[in-house]
Amino acid sequence: MSSHSPSHTIAIIGGGIVGSALLYTLAHRGVDAILFEAEPELGLGASGTNSGVLHTGFDSAPGQLETDLILRAARIRPAVLHALDVPVIHAGAELVPHTKEDNDTIRHLAANAAANGVEVAIRESDGALLVAGESVSDPVAFTLALAESAQAAGAAVEVNALVTGITSHTDGLTLQLADGRTFAVSAAINAAGLYADEIARLVGDDSFEIYPRKGEFFVFELPDRQTLDRIILPVPTKRTKGVLVFPTLDGKVVAGPTAVDLEDKKDWGVRPEAQDEILSKAVQQFPTLEGLTPIASYAGLRPAGRGSNYIIERSAANDRLIHVAAIRSTGLTASLGIADYVAAELLPDLGIAVDPLRPTTKVSMAPSNGPWWQRTARHHAADNS
Ligand SMILES: Cc1cc2nc3c(=O)[nH]c(=O)nc-3n(C[C@H](O)[C@H](O)[C@H](O)COP(=O)(O)OP(=O)(O)OC[C@H]3O[C@@H](n4cnc5c(N)ncnc54)[C@H](O)[C@@H]3O)c2cc1C
């Protein structure tokens, strides 16, 4: 059964960091928007289960869309985080070389950083690469604050709102929800993370496929209230970016992630073998972890495109649906750049007027219920019990 619902200009499908940044950007640029999130709360997917690192783009390949949007976000994000009071540890990162090959990689990374306009330095004593601009945030607080600010500016958010159908009408699209409600909009943005391919299928678009790439993490409390004052990144090899060690805003230290390609989009568990895989690498980088027992673990599922990355375009099957899909590894960092790109480059082609970004006013947030790094794991554990 369907009930009649008010129409909006833009519907955003998915309330992770990408959907929330889109909602924020549209709301503050004068576009009437509504976001639909299948889960009872926002940010329970990849956006709540990552490393929380806001990357500078020092190691990103120059000229790629992903890199451009990381750099675009860097111009927008600091003011937004400040205005919304989203906490950030401006820790900086270091990559310490252990082999001659590592030294070569570091020289290569320094040149890459320069090509992207990112400041780095090489420490004389040990040849470590220092990236002062790398920081760590609370990804859940970031996601929720963006959506909260968007709502304060007039946008709408519907949770428990699984989009199950999309049909065309003369002036745009009609979205069907699992609960029978329908919403008429001028256009929709597909920010459904792991399920973005299923949203595409709703308009007959099977141009891409998303699979889960699992990343597992272990959380530690250091003895004697010690803290970690920087992000420790491994020197990457040709095969892997490796395991990082980073501080959290609540004084913990996290090591991870793994990268395990899966088929099952609902497999949020941490594999028993993950602890050894991660700890053997993490201890090399940060020996203080030797002998410590983790206090918690969590896993995230990266929405990985099969043979594709950063699919940001109008669907060839229905140009009123804009895909923002396969945002696999850097979505927390790039989200505001992605949203700005969609607003500035894609919406005007659909005849949707977009104003310049208006200044943000502070929003008051409800205190979080426990650490962000346990939120999604708890949610899925409750689902399975
Ligand atoms: C292990 C790991 C480490 C990472 N580390 C970092 C990092 O340090 N820095 C960084 O920048 N990025 C990092 N990332 C990447 C980042 O987390 C992702 O790029 C980002 O979260 C993707 O956001 P999203 O909004 O596209 O997807 P999601 O967060 O998955 O959100 C998609 C949302 O869509 C909803 N949805 C799906 N289908 C429907 C439907 N039919 N109707 C309504 N709603 C629907 C889902 O419930 C979900 O909430 C990491 C990711 C992982 C997993």
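Note that ligands are numbered from 1 as they come in the structure, with each ligand's atoms numbered from 1 the same way. As the structure is a prediction and not an experimental result, all values here were calculated from the model.
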I'd like to check whether [X] has a polar contact with ligand 1, where a contact means an N/O of the residue lying under 3.5 Å from an N/O of the ligand.
| X | answer |
| --- | --- |
| Ala38 | yes |
| Val53 | yes |
| Ser329 | yes |
| Thr330 | yes |
| Thr333 | yes |
| Tyr195 | no |
| Gly193 | no |

Among all protein heavy atoms, pick the one closest to [atom] and tell me residue, atom and distance.
| atom | answer |
| --- | --- |
| atom 53 (C) of ligand 1 | Arg302 CG, 3.2 Å |
| atom 25 (O) of ligand 1 | Val18 N, 3.1 Å |
| atom 16 (C) of ligand 1 | Gly331 N, 3.8 Å |
| atom 29 (O) of ligand 1 | Ser47 OG, 2.5 Å |
| atom 50 (C) of ligand 1 | Asn50 CB, 3.2 Å |
| atom 49 (O) of ligand 1 | Glu37 OE1, 2.7 Å |
| atom 18 (C) of ligand 1 | Ile327 O, 3.5 Å |
| atom 31 (O) of ligand 1 | Gly16 CA, 3.4 Å |

Salt-bridge criterion met for [X] and [Y] (N-O under 4.0 Å):
| X | Y | answer |
| --- | --- | --- |
| Glu94 | Arg123 | yes |
| Asp340 | Arg29 | yes |
| Asp197 | Lys265 | yes |

Are Ile231 and Leu244 close enough that some pair of their side-chain heavy atoms sits under 4.5 Å apart?
yes

Under a 4.5 Å cut-off applied to non-hydrogen side-chain atoms, are Tyr298 and Gln374 in contact?
no

Numbering as shown, the atoms of ligand 1 that approach [X] to under 4.0 Å (heavy-atom distance):
| X | answer |
| --- | --- |
| Glu39 | 47 (O) |
| Leu301 | 53 (C) |
| His55 | 7 (C), 8 (O), 9 (N), 10 (C), 11 (O) |
| Gly52 | 8 (O) |
| Ile17 | 20 (C), 21 (O), 23 (O), 25 (O) |
| Phe217 | 1 (C), 3 (C) |
| Gly15 | 33 (C), 34 (O) |
| Gly215 | 1 (C) |

Closest to atom 32 (C) of ligand 1 among Ala191, Ala161, Gly45 (heavy-atom distance)
Ala191

Which residue from Val163, Leu54, Thr258 reaches closest to atom 42 (N) of ligand 1 through any of its heavy atoms?
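Closest candidate by heavy-atom distance is Val163.
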
Are Glu41 and Arg375 close enough, and set up right, to give a salt bridge (charged side-chain N to carboxylate O under 4.0 Å, His left out), and what steps lead you there?
CA-CA 11 Å; Glu41 291 172 32; Arg375 188 170 166 263; 3.0 Å; yes

Could you check Arg213, Arg306, Lys214 and say which one makes a salt bridge (Lys or Arg N to Asp or Glu O under 4.0 Å) with Glu263?
Arg306

Quick one: look at [X] and ligand 1, take heavy-atom pairs under 4.0 Å, and tell me if it's side chain, backbone, both or neither.
| X | answer |
| --- | --- |
| Phe36 | backbone |
| Ala334 | neither |
| Ile13 | side chain |
| Lys214 | neither |

Would you say [Y] and [X] are linked by a side-chain donor-acceptor pair, where the criterion is simply a distance under 3.5 Å?
| X | Y | value |
| --- | --- | --- |
| Thr182 | Gln176 | no |
| Asp250 | Trp372 | no |
| Thr330 | Tyr310 | yes |

Counting neighbours of [atom1] on [X] that are heavy atoms of other residues, nucleotides or ligands and sit closer than 6.0 Å, is the number greater than 12?
| X | atom1 | value |
| --- | --- | --- |
| Glu101 | CD | no |
| His108 | NE2 | no |
| His82 | NE2 | no |
| Glu119 | CD | no |

Heavy-atom pair with the smallest gap, counting every atom of Ala255 and Leu289:
CB-CD1, 4.3 Å

Atom CG of Leu54 and atom OG of Ser137: how far apart are they, to the nearest 0.5 Å?
5.0 Å

Show the numbers, then the answer: is there a salt bridge (charged side-chain N to carboxylate O under 4.0 Å, His left out) between Asp264 and Lys266?
CA-CA 5 Å; Asp264 183 358; Lys266 294 192 184 301; over 6 Å; no

Any Ile199 heavy atom less than 4.0 Å from ligand 1
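Ile199 counts as a contact of ligand 1 under the 4.0 Å cut-off.
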
